[in-house]
There are 2 protein chains.
Amino acid sequence: MSIDVGARLRRVRLIYGLSQRELARRAGVTNGLISLIEQNRVSPSVGSLKKVLDGVPMSLAEFFTINVDEAPQIFYGDDELVEIGSDDVSLRLVAAQRPARQLTILRERYAPGAATGDDALSHRGEEGGVVVRGRIELTVGGTTRVLGPGEAYYFSSTIPHRFRNVGREPCEIISASAPPTF
Amino acid sequence: MSIDVGARLRRVRLIYGLSQRELARRAGVTNGLISLIEQNRVSPSVGSLKKVLDGVPMSLAEFFTINVDEAPQIFYGDDELVEIGSDDVSLRLVAAQRPARQLTILRERYAPGAATGDDALSHRGEEGGVVVRGRIELTVGGTTRVLGPGEAYYFSSTIPHRFRNVGREPCEIISASAPPTF
DNA sequence: CTCTTGTGTCCATGATGCTAAACAGGTTGC
DNA sequence: GCAACCTGTTTAGCATCATGGACACAAGAG
């Protein structure tokens with residue numbers, strides 16, 4: 001069938017946490033147009049679609065390339081980590097099946113209530129990590145989940161993300177990112 | 001600036017050797033529309049562009065992904081072949097600068113008495129060719145034969161081989177080999 | 001409760017895409 | 001010569017897109 005431009009746009013917009021009006025403002029179009037496109041009530045001109053995507057920003061190539069069906073796995077349960085270590089050195093690999101990984105490991109500790117800031121982070125590369133102690137609220141794109149000890153995450157750093165300790169005890173995470181930003 | 005949809009479409013269409021009318025017929029649109037799009041006199045709707053590309057066929061993702069700037073060179077003039085041989089054995093390479101070549105095509109010219117060297121050649125892949133002018137003595141493994149114009153050869157490059165011009169006039173061969181060694 | 005501010009949807013109208021057909025130029029064959 | 005057929009371009013008119021604004025609903029603040 002035809003490409004579901006509407007669903008794609010809606011997904012992209014929500015991943016970046018924008019309302020129709022906010023996206024419209026950034027793109028220099030009307031909110032009504034965003035609404036009509038997302039409902040597939042119109043087939044936007046390439047020019048219009050480009051304007052809209054410039055507000056994200058995202059290229060037309062990216063837009064038509066992203067797979068809306070199978071989103072890459074973001075959250076991993078305790079039992080979804082792959083053990084690649086030995087008896088005395090346990091190495092449990094996150095996103096083992098994800099191709100072309102390049103990781104730098106960090107150890108992060110969050111005080112109760114601490115967060116990575118009011119604005120969401122967004123930068124090059126990919127990052128992932130494991131909660132060792134405490135509980136952390138992680139927002140990636142439009143999805144939010146509270147992770148506890150043993151649970152993990154892995155996502156592309158270009159998707160806006162934010163960490164916040166919602167527990168009463170310190171939270172500890174073993175994380176990795178690439179390419180190194182520090 | 002904006003994506004040059006017109007140039008992209010024209011390039012795609014010509015790569016596939018279609019006229020505006022033929023593409024229009026396959027796509028179920030009018031030839032006028034193809035013309036207008038290629039001139040960037042309109043910004044086609046995504047739906048229309050998809051219809052057009054279905055006539056190729058090509059996906060929207062492909063369409064926006066292809067690099068329209070660096071069009072691979074198709075035709076090479078005599079002086080556009082890169083010389084990689086020596087004085088008495090001239091090897092002129094086709095599409096030398098093209099990245100990720102799968103094939104090495106050479107126009108070889110042997111001066112009278114010239115040879116590829118005292119030791120026999122041996123490398124990966126397969127190679128073959130046709131003698132265009134003169135006579136060449138080709139030794140492959142234990143077999144030797146003299147080939148004249150119109151005659152050809154094909155063998156696995158791992159078998160030791162050697163070329164030698166046994167005639168009194170220059171010998172010219174068009175050869176091909178894969179994977180590329182240059 | 002009202003008022004404000006956010007969300008997404010709907011509608012009339014002007015802007016633009018798209019079609020059908022005519023047009024102009026080039027090549028082939030009679 | 002000209003007729004037939006190809007090529008890409010242009011144009012009038014109709015269909016569709018895109019806008020600006022109204023509308024309905026929900027969540028908070030006072």
Side-chain angles (χ1 to χ4, degrees), chain A residues 1-58 60 63-64 68 118-120 137 139 141-144 160 162 164 166, chain B residues 1-58 60 63-64 68 71 74-75:
Chain A
M1 271 302 282
S2 64
I3 299 271
D4 191 348
V5 174
R8 291 181 109 85
L9 179 58
R10 171 155 288 176
R11 179 177 197 87
V12 167
R13 178 173 64 80
L14 292 178
I15 283 177
Y16 283 82
L18 302 174
S19 68
Q20 289 183 347
R21 280 183 163 79
E22 174 59 18
L23 175 57
R25 190 192 61 74
R26 297 191 188 187
V29 299
T30 57
N31 61 303
L33 176 59
I34 307 289
S35 177
L36 293 171
I37 292 175
E38 291 189 354
Q39 297 173 81
N40 286 320
R41 303 238 324 245
V42 298
S43 176
S45 75
V46 172
S48 296
L49 181 58
K50 179 167 194 316
K51 270 174 72 177
V52 169
L53 292 177
D54 284 344
V56 172
M58 172 177 284
L60 286 162
F63 180 76
F64 287 110
V68 295
D118 291 326
D119 294 338
E137 179 196 80
T139 302
T143 318
T144 297
R162 185 167 183 266
R164 190 160 66 96
V166 292
Chain B
M1 272 299 287
S2 64
I3 299 267
D4 191 349
V5 174
R8 290 181 109 85
L9 179 59
R10 170 155 289 178
R11 174 167 297 283
V12 167
R13 177 173 65 81
L14 293 178
I15 285 176
Y16 283 81
L18 303 174
S19 68
Q20 289 182 349
R21 279 183 165 79
E22 175 60 18
L23 176 55
R25 189 191 62 75
R26 298 191 188 186
V29 299
T30 59
N31 61 303
L33 176 59
I34 307 288
S35 178
L36 292 172
I37 292 175
E38 292 188 355
Q39 298 172 78
N40 287 318
R41 303 240 323 250
V42 297
S43 176
S45 75
V46 172
S48 296
L49 181 58
K50 179 165 195 313
K51 269 174 73 176
V52 169
L53 292 177
D54 283 344
V56 172
M58 172 176 285
L60 286 162
F63 180 76
F64 287 110
V68 70
I74 296 177
F75 304 107

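Side chains are part of it too, since the values below use all heavy atoms of this structure and drop only hydrogens, waters and symmetry mates. In what follows, chains are A, B, ... by sequence order, proteins preceding strands, each numbered from 1.
Rounding to the nearest 0.5 angstrom, the gap separating the CG atom in B/L9 from the CG atom in B/L53 is 6.5 Å. A distance of 12.0 Å separates CG in B/L49 from NZ in B/K51, rounded to the nearest 0.5 Å. Remark: B/I34 CD1 to B/N31 CG distance equals 8.0 Å, nearest 0.5 Å.
A heavy-atom distance below 4.5 Å is found between the side chains of A/Q20 and A/R10. At a threshold of 4.5 Å between non-hydrogen side-chain atoms, the residues B/V52 and B/F63 do not count as touching.
Boundaries of the chain A contact region on DNA chain C are C/dT7 to C/dC10, first to last in 5' to 3' order (nucleotide atom under 4.0 Å from a heavy atom). Scanning DNA chain D 5' to 3' for nucleotides with an atom closer than 4.0 angstrom to a non-hydrogen atom of chain B gives a first and last hit of D/dT7 to D/dT11.
Looking at every heavy atom in both residues, B/G47 comes nearest to A/S43 through N-OG, 2.6 Å. Closest heavy-atom contact between B/A24 and B/T30: CB-C, 3.6 Å. For the pair A/R13 and A/L23, the tightest heavy-atom approach, listed with the atom from each and the gap, is CD-CD2, 3.8 Å.
Within residues 21-34 of chain B, the residues approached by DNA chain C to less than 4.0 Å at the level of any non-hydrogen atom are B/R21, B/V29, B/T30, B/L33, in residue-number order.
Counting any heavy atom pair closer than 4.0 Å across all strands shown, B/S35 reaches a base atom. The residue B/S19 sits close only to the backbone: its heavy atoms come under 4.0 Å of sugar-phosphate atoms, none of a base. Nucleic acid contact for B/E38: none, since no nucleic acid atom lies under 4.0 Å from a heavy atom of the residue.
Map B/S45 and B/R41 each onto its nearest nucleotide of DNA chain D; the residue landing nearer the 5' end is B/R41.
Classification of A/R8 and A/D4 as a salt-bridged pair fails, no side-chain N sitting under 4.0 Å from a carboxylate O.
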